[in-house]
2 protein chains.
Amino acid sequence: MPRGPYQKSDVTREKILSAATELFAQRGYAGTGVDRLAEKSGIAKTAIYYHFGNKEGLLAAVLDRAATVWIENIKQSAERASSAEEALDRALAGMRTMVEEKSWILKLLLLLTLEVADEKPEIRKSMRQLYARARSSIVAGIRDAVGADVPDADMVGNVMLGQLQAVVVGLELVPDLSLDEVFSNLREIVLYMVASRLDPSLQETALLQPVAPVLPEA
Amino acid sequence: MPRGPYQKSDVTREKILSAATELFAQRGYAGTGVDRLAEKSGIAKTAIYYHFGNKEGLLAAVLDRAATVWIENIKQSAERASSAEEALDRALAGMRTMVEEKSWILKLLLLLTLEVADEKPEIRKSMRQLYARARSSIVAGIRDAVGADVPDADMVGNVMLGQLQAVVVGLELVPDLSLDEVFSNLREIVLYMVASRLDPSLQETALLQPVAPVLPEA
DNA sequence: GTCTATACGGCGATAGAC
DNA sequence: GTCTATCGCCGTATAGAC
């Protein structure tokens with residue numbers, strides 16, 4: 001069994017990462033055994049643990065890379081817009097494309113967060129940073145598009161990312177969920193949130209009060 | 001080894017369910033081995049598989065029961081309100097309490113959906129029905145509170161449940177997340193959504209357009 | 001420090017006898 | 001329903017080559 005001069009660590013990491021990216025996308029996370037990853041990448045099973053700690057650490061690395069690419073793409077697309085609304089539409093279109101074509105990334109991102117955020121500080125940190133990058137891209141996008149700092153723009157980012165993740169979960173339950181409806185609804189909400197933060201008088205939606213019906217008292 | 005007359009199936013199911021509810025809440029899902037469940041409930045390991053198919057089937061049963069109780073509680077609380085806004089506040093308070101006190105239910109609900117919705121039609125169906133029950137409770141609550149049918153009230157439900165789940169994920173990443181902020185933000189959004197559906201002229205938030213800055217063309 | 005090979009313990013899940 | 005295997009897969013431990 002020739003052991004040859006060993007490859008540089010980075011090369012090995014890359015082989016593992018690309019094999020894992022392919023197999024996780026194809027067969028899912030749970031459906032991809034570490035033994036199979038070792039075989040596919042041509043690297044010993046124990047070396048995978050040496051590099052990534054455990055299967056979840058490998059997943060975190062795969063997802064971090066994949067998601068970063070998407071964040072960057074969407075950001076750049078939005079920057080090419082010539083109006084604030086177009087910037088929003090481009091961002092939403094990017095999110096939608098990701099849901100349609102790479103939902104496994106979003107799905108596993110959620111899964112990883114829920115499964116290991118307790119007890120694995122390193123992975124939690126990695127996920128938190130990824131989320132922070134996505135959200136600050138949105139905040140920056142809003143600032144650029146509107147041309148001014150929007151108060152509490154963080155919350156707009158939270159809502160967008162929250163609804164994005166809700167779509168992923170929703171598709172799992174209702175595969176024929178209407179993305180048109182969901183995204184146009186989200187568009188409307190974001191427009192309202194930004195507008196009401198720029199002009200707080202818009203929050204006067206309490207026209208609900210007078211319409212209130214009479215319900216039996218407890 | 002006396003095998004005795006076997007207990008009725010329902011009694012056995014109940015023993016398993018209550019043991020699982022307790023252990024899943026205490027030690028988490030992954031942290032609770034089926035062997036331990038068998039020991040704690042006093043029922044043989046294989047009988048658990050006999051009753052629930054597999055560990056995930058058991059989890060689905062546990063969650064269905066626990067979540068149904070919460071949906072009912074929140075619904076009843078909202079019905080006791082004397083105005084539309086109070087009904088919303090009661091519903092939001094109920095959701096918040098659930099996040100604060102029983103977030104493991106929401107967390108595992110999400111996890112189960114993401115992990116097994118493919119490949120396990122029974123569990124997917126169970127989760128979808130649960131989601132549908134929660135959403136139709138919201139829709140009915142809105143109808144009762146406003147005293148009229150709100151067009152596309154489904155989407156309001158989707159947004160509320162989506163943000164609820166986003167909070168659960170968010171807390172996993174940022175344990176000191178401000179629930180005050182998140183829920184008051186959600187309150188604002190729901191009020192807007194309902195109001196704009198009752199009076200579509202409110203959707204004229206396109207005051208963003210004039211503020212649009214000039215960005216470099218691609 | 002980087003990697004291989006083997007063996008082993010733990011857990012979910014199934015099969016078959018009773 | 002219970003029991004006793006038994007399988008597969010994650011993860012670890014160990015020992016050692018380059």
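Scope of the values below: all heavy atoms of this structure, side chains included, with no hydrogens, waters or symmetry mates. From a predicted model like this one, the values you see are computed outputs, not experimental measurements. Letters A, B, ... are given to chains in the order of the sequence lines, protein chains preceding strands, and every chain is numbered from 1.
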* Nearest non-hydrogen partners of A:Ile123 and A:Gly57, listed with the distance ->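 Closest heavy-atom pair between A:Ile123 and A:Gly57: CD1-N, 3.9 Å.
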
* Under 4.5 Å between any side-chain heavy atoms of B:Met193 and A:Tyr192, yes or no? ->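 No, too far: nothing below the 4.5 Å cut-off.
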
* **Sole residue of B:Val146, B:Leu88, B:Ile189 in side chain to side chain contact (heavy atoms under 4.5 Å, CB included) with B:Val194** =>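 Of the listed options, the one satisfying the test is B:Val146.
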
* **Residue pair A:Glu115, B:Lys107: steps toward the salt bridge (Lys or Arg N to Asp or Glu O under 4.0 Å) verdict** => CA-CA 9 Å; A:Glu115 235 178 1; B:Lys107 191 174 147 185; over 6 Å; no

* To do: Name the closest nucleotide to the A:Tyr50 side chain, picking from C:dT2, C:dC3, D:dC3.
  =>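 Among C:dT2, C:dC3, D:dC3, the one nearest the side chain of A:Tyr50 is C:dT2.
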
Distance check needed: [N] [atom2] versus [X] [atom1], whole Å only.
| X | N | atom1 | atom2 | result |
| --- | --- | --- | --- | --- |
| A:Glu39 | C:dA5 | CD | C1' | 16 Å |
| B:His51 | D:dT2 | NE2 | P | 7 Å |
| B:Arg36 | C:dG12 | CZ | P | 10 Å |
| A:Arg13 | C:dC3 | CZ | C1' | 15 Å |
| B:Ile16 | D:dT2 | CD1 | C1' | 13 Å |
| A:Asp35 | D:dC7 | CG | C1' | 14 Å |
| B:Ile48 | D:dC3 | CD1 | P | 12 Å |

* To do: Not counting sequence neighbours, which residues clear salt bridge (Lys or Arg N to Asp or Glu O under 4.0 Å) with A:Arg96? List them please.
  =>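 Checked A:Arg96 against salt bridge (Lys or Arg N to Asp or Glu O under 4.0 Å); matches are A:Glu100, A:Asp180.
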
* **Base-paired stems that DNA chain C participates in, counting runs of 3 or more Watson-Crick or G-U pairs under 3.5 Å** =>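 Stems for DNA chain C, defined as runs of 3 or more consecutive pairs: C:1-8 with D:11-18, C:10-18 with D:1-9.
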
* **side-chain contact (heavy atoms from CB on, under 4.5 Å) between B:Leu106 and B:Val99, worked out** => CA-CA 8 Å; B:Leu106 295 169; B:Val99 169; 3.9 Å; yes

* DNA chain D: B:Ala44 or A:Gly31, which has the more 5' nearest nucleotide? ->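 Looking at the nearest nucleotide for each, B:Ala44 comes out on the 5' side.
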
* **Lys/Arg cation over aromatic B:Tyr29: B:Lys55, 6.0 Å, 45° cone** =>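 Output yes; distance and angle both within limits.
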
* If we ignore angles and hydrogens, is there a donor and acceptor under 3.5 Å between the side chains of A:Thr97 and A:Glu101? ->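 Result is no, nothing qualifies.
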
* Asked: Between A:Arg133 and A:Asp64, does at least one N-O distance fall below 4.0 Å, as a salt bridge requires?
  ->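 Salt bridge present between A:Arg133 and A:Asp64.
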
Any protein N or O atoms within reach of nucleotides 11-15 of chain D? Criterion: under 3.5 Å, listing atom names and distances.
| from | atom 1 | to | atom 2 | distance (Å) |
| --- | --- | --- | --- | --- |
| D:dG11 | OP2 | A:Tyr49 | OH | 3.3 |
| D:dG11 | OP2 | A:Lys55 | N | 3.2 |
| D:dG11 | N7 | A:Lys45 | NZ | 3.3 |
| D:dG11 | O6 | A:Lys45 | NZ | 3.0 |

